[in-house]
Participant: 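Before I ask anything, let me first share the structure, which is written out below as structure tokens.
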2 protein chains.
Amino acid sequence: MLDLAILGLLSECEFHGYEIRKRLRDELGLFANISFGSLYPALSRLELSGAVVGTESIGATPASAPIPLTGSLGGERAALRSRRAGTTRGTKRSRKVYRITDTGRRVFEELLAAEEPVGTDEARSFGLRLAFARHLAPQARLGLLERRRDQLIRRLAADRARAAAGGDFDSYTRSLVEHRTETTQHDISWLDSLIESEKQKQATPPTDNRSTRTVGSRSAAAKGTEL
Amino acid sequence: MLDLAILGLLSECEFHGYEIRKRLRDELGLFANISFGSLYPALSRLELSGAVVGTESIGATPASAPIPLTGSLGGERAALRSRRAGTTRGTKRSRKVYRITDTGRRVFEELLAAEEPVGTDEARSFGLRLAFARHLAPQARLGLLERRRDQLIRRLAADRARAAAGGDFDSYTRSLVEHRTETTQHDISWLDSLIESEKQKQATPPTDNRSTRTVGSRSAAAKGTEL
DNA sequence: GCATTGATATATCGGTCTGATATATCATGT
DNA sequence: ACATGATATATCAGACCGATATATCAATGC
């Protein structure tokens, strides 16, 4: 889960731990606030397995900055300032910058294409994979969408069975189940439109006919579903 | 989290571990498939702290069945059958039946009324508390709903900031964030209607004027929200 | 000037939950 | 007779979270 997110981030740019946390929090909103107690062990794990390499970057960076692309680090400004002021001592603030390796890219693609674990944070797992869907082969992408759709269909069936059978719910519980059902239906419609637009894209492979519009948004949902 | 769910279940009836798992899975759909690796430790924890007592119930139950209320246990049928067949040996299948104590009820109310942890499984945590909302004081119930609403408002703001600022998303990521935004809006509307109907209920406390209809379903959402 | 606050940065610890696995009893179908 | 599957409990490694510790530095206030 975390490994996939980290590798996905690093596949585009190199970062240090603290920055990875921020990106994961701000970029997609799928990870509220990754704990350092899971982030740093994850980075160690990935480094040990050779998926990433971490280089100790101890300030005092020369003007030809190999500073990572992040343009807003207090440390960098401090380094510049101290150099401008004539102090030769760079900042001693240590940052370990991580870079993905070829092995890492392979691992990333494996994780991304892997069968999703069921029952454990399904929504987050799917969301994360969808956010990196551009790295998937078209056919694998379609598989991802359809597996997620199946999950939701099963959930809808379970919710309906609950509503039909039991029934000894109080009004709060009843409202909870009702709302869940509606939400699941909405999710399924969304997936239907994603799947439809994905199939359309694959049907016309060569000429990229102005299909830059947001995928699956507001297009009539696939008619089959029977909600 | 699990403790709250377990105590809530046991507050109505006594169960053994396996049955608790089933109920948690089937009843609300909030827990997909609780792992025994968390369930049994949780029960031990609760027993050690005096919130529940577990009595080893080794089959051979007399006909005046103090069998827990679950009417569908293979073991029970087996016991009956073996008795009918003249065998004095009851089933040796051991089950540990857990019963909530007064301490446990107190702990349950504390957990239920406690400030929800943020960021960690917010949806599940809220859903669980809503399912037990009947055990809350009206004012605490309103607090629960309004805290949840605040969470969602914050999420909506964050998602909009993401959509506004960044913008270097591919079509999949864009669709993901769009869909999340819609879902959050839907959740807020739902909470608005729950809050509205809760306030209405509290405004007219004495005469229970036919308010048995499902709470907050289909009623015009509170107008203020500005979605 | 200098102290407090807050952002940046890494690390570790205890505790909770998951997934896998082991072990056993019993019912049912073939 | 034998396999399959539901019932029932238990344990383990590993992932993740929340809290906490530590340190550097910027900005703010007095």
Side-chain angles (χ1 to χ4, degrees), chain A residues 1-6 15-22 24 31-47 54 56-60 68 70 72-82 87 89-98 117-122 124-125, chain B residues 1-6 15-22 24 31-47 54 56-60 68 70 72-82 87 89-98 117-122 124-125:
Chain A
M1 183 91 242
L2 238 191
D3 295 26
L4 177 58
I6 293 174
F15 292 112
H16 55 265
Y18 199 84
E19 180 82 7
I20 289 176
R21 184 175 119 114
K22 267 201 306 184
L24 254 30
F31 299 88
N33 243 342
I34 291 295
S35 168
F36 291 121
S38 54
L39 177 59
Y40 287 117
L43 285 171
S44 304
R45 227 156 51 215
L46 289 171
E47 190 175 19
E56 201 80 29
S57 154
I58 329 178
T70 147
S72 64
L73 264 171
E76 295 160 26
R77 280 199 299 268
L80 284 178
R81 180 175 302 205
S82 61
T87 344
R89 298 269 307 136
T91 163
K92 231 177 44 186
R93 171 97 122 289
S94 74
R95 298 181 309 184
K96 199 166 180 186
V97 175
Y98 292 93
V118 291
T120 314
D121 243 336
E122 290 178 354
R124 200 155 81 164
S125 169
Chain B
M1 185 88 240
L2 236 192
D3 295 26
L4 177 58
I6 291 174
F15 293 112
H16 55 265
Y18 199 84
E19 181 82 6
I20 290 176
R21 183 175 121 115
K22 266 201 308 183
L24 255 30
F31 298 89
N33 245 339
I34 292 294
S35 167
F36 291 119
S38 54
L39 178 59
Y40 287 116
L43 285 170
S44 303
R45 228 155 52 214
L46 290 171
E47 191 175 18
E56 201 79 29
S57 153
I58 330 181
T70 146
S72 65
L73 265 172
E76 296 160 27
R77 281 200 297 271
L80 284 178
R81 181 175 299 205
S82 60
T87 343
R89 297 273 305 136
T91 163
K92 230 179 40 185
R93 172 97 121 286
S94 76
R95 297 181 310 183
K96 200 167 179 184
V97 175
Y98 292 92
V118 293
T120 315
D121 241 338
E122 290 179 355
R124 201 155 81 165
S125 169

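Given the structure is predicted, the values throughout are model-derived calculations rather than measurements. Side chains are part of it too, since the values below use all heavy atoms of this structure and drop only hydrogens, waters and symmetry mates. Within every chain, numbering begins at 1; the chains are lettered A, B, ... in the order of the sequence lines, protein sequences first and strands thereafter.
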Participant: What is the separation between atom CG on B:Leu24 and atom P on C:dT18, rounded to the nearest whole Å?
Facilitator: 10 Å

Participant: CZ of B:Phe15 versus C1' of D:dA8: gap in Å, rounded?
Facilitator: 16 Å

Participant: Using every non-hydrogen atom in the two residues, find where A:Ser38 and A:Leu2 come nearest and quote the distance to one decimal.
Facilitator: O-CD1, 3.6 Å

Participant: Using a cut-off of strictly less than 4.0 Å, decide whether B:Arg45 has a side-chain nitrogen or oxygen near OP1 or OP2 of C:dC17.
Facilitator: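 Checking B:Arg45 against C:dC17: at least one side-chain N or O falls below 4.0 Å of OP1 or OP2.
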
Participant: Does A:Lys22 have a side-chain nitrogen or oxygen under 4.0 Å from the phosphate oxygens OP1 or OP2 of C:dA9?
Facilitator: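 No, no such contact exists.
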
Participant: Please produce a list of atom pairs where a protein N or O lies less than 3.5 Å from an N or O of nucleotides 9-11 of chain D.
Facilitator:
| from | atom 1 | to | atom 2 | distance (Å) |
| --- | --- | --- | --- | --- |
| D:dT9 | OP1 | B:Lys96 | N | 2.9 |
| D:dT9 | OP2 | B:Gly17 | N | 3.3 |
| D:dT9 | OP2 | B:Tyr18 | N | 2.8 |
| D:dT9 | OP2 | B:Tyr40 | OH | 3.0 |
| D:dT9 | O5' | B:Tyr40 | OH | 3.4 |
| D:dT11 | O4 | B:Gly37 | N | 3.4 |

Participant: In whole angstrom, what separates A:Ile20's CD1 from C:dA11's P?
Facilitator: 12 Å

Participant: Could you state the CD-C1' distance from A:Glu56 to C:dA9, rounded to the nearest angstrom?
Facilitator: 11 Å

Participant: With heavy atoms under 4.0 Å as the rule, sort A:Leu2 into base, sugar-phosphate or nothing.
Facilitator: sugar-phosphate

Participant: For B:Tyr98 and B:Glu47, work out which heavy atoms get closest and say how close.
Facilitator: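 So the two residues come closest at CE2-OE1, 4.1 Å.
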
Participant: Please find the pair of heavy atoms, one from B:Pro41 and one from B:Gly37, that lie closest to each other, and give the distance.
Facilitator: CG-O, 3.2 Å

Participant: Using atom CZ of B:Arg21 as one end and atom P of D:dT7 as the other, report the distance to the nearest whole Å.
Facilitator: 10 Å

Participant: Do B:Lys96 and B:Tyr40 make a side-chain contact, defined as non-hydrogen atoms from C-beta onward lying under 4.5 Å apart?
Facilitator: no

Participant: Could you state the CG-P distance from A:Leu39 to C:dA9, rounded to the nearest angstrom?
Facilitator: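 Whole-Å distance recorded here is 13 Å.
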
Participant: Nearest whole Å is fine: how far is C:dA9 P from A:Ile34 CD1?
Facilitator: 18 Å

Participant: Hey, are the side chains of A:Phe31 and A:Arg21 touching, using non-hydrogen atoms and a 4.5 Å cut-off?
Facilitator: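 SC-SC contact between A:Phe31 and A:Arg21 ruled out.
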
Participant: Output all residues satisfying side-chain hydrogen bond (donor to acceptor under 3.5 Å, both in side chains) with B:Ser125, sequence neighbours left out; order by chain, then residue number.
Facilitator: B:Arg129

Participant: Closest heavy-atom contact between A:Gly17 and A:Leu39?
Facilitator: O-CD2, 3.3 Å

Participant: In this structure, how many angstroms lie between the P atom of D:dA15 and the CG atom of B:Asp121, rounded?
Facilitator: 19 Å

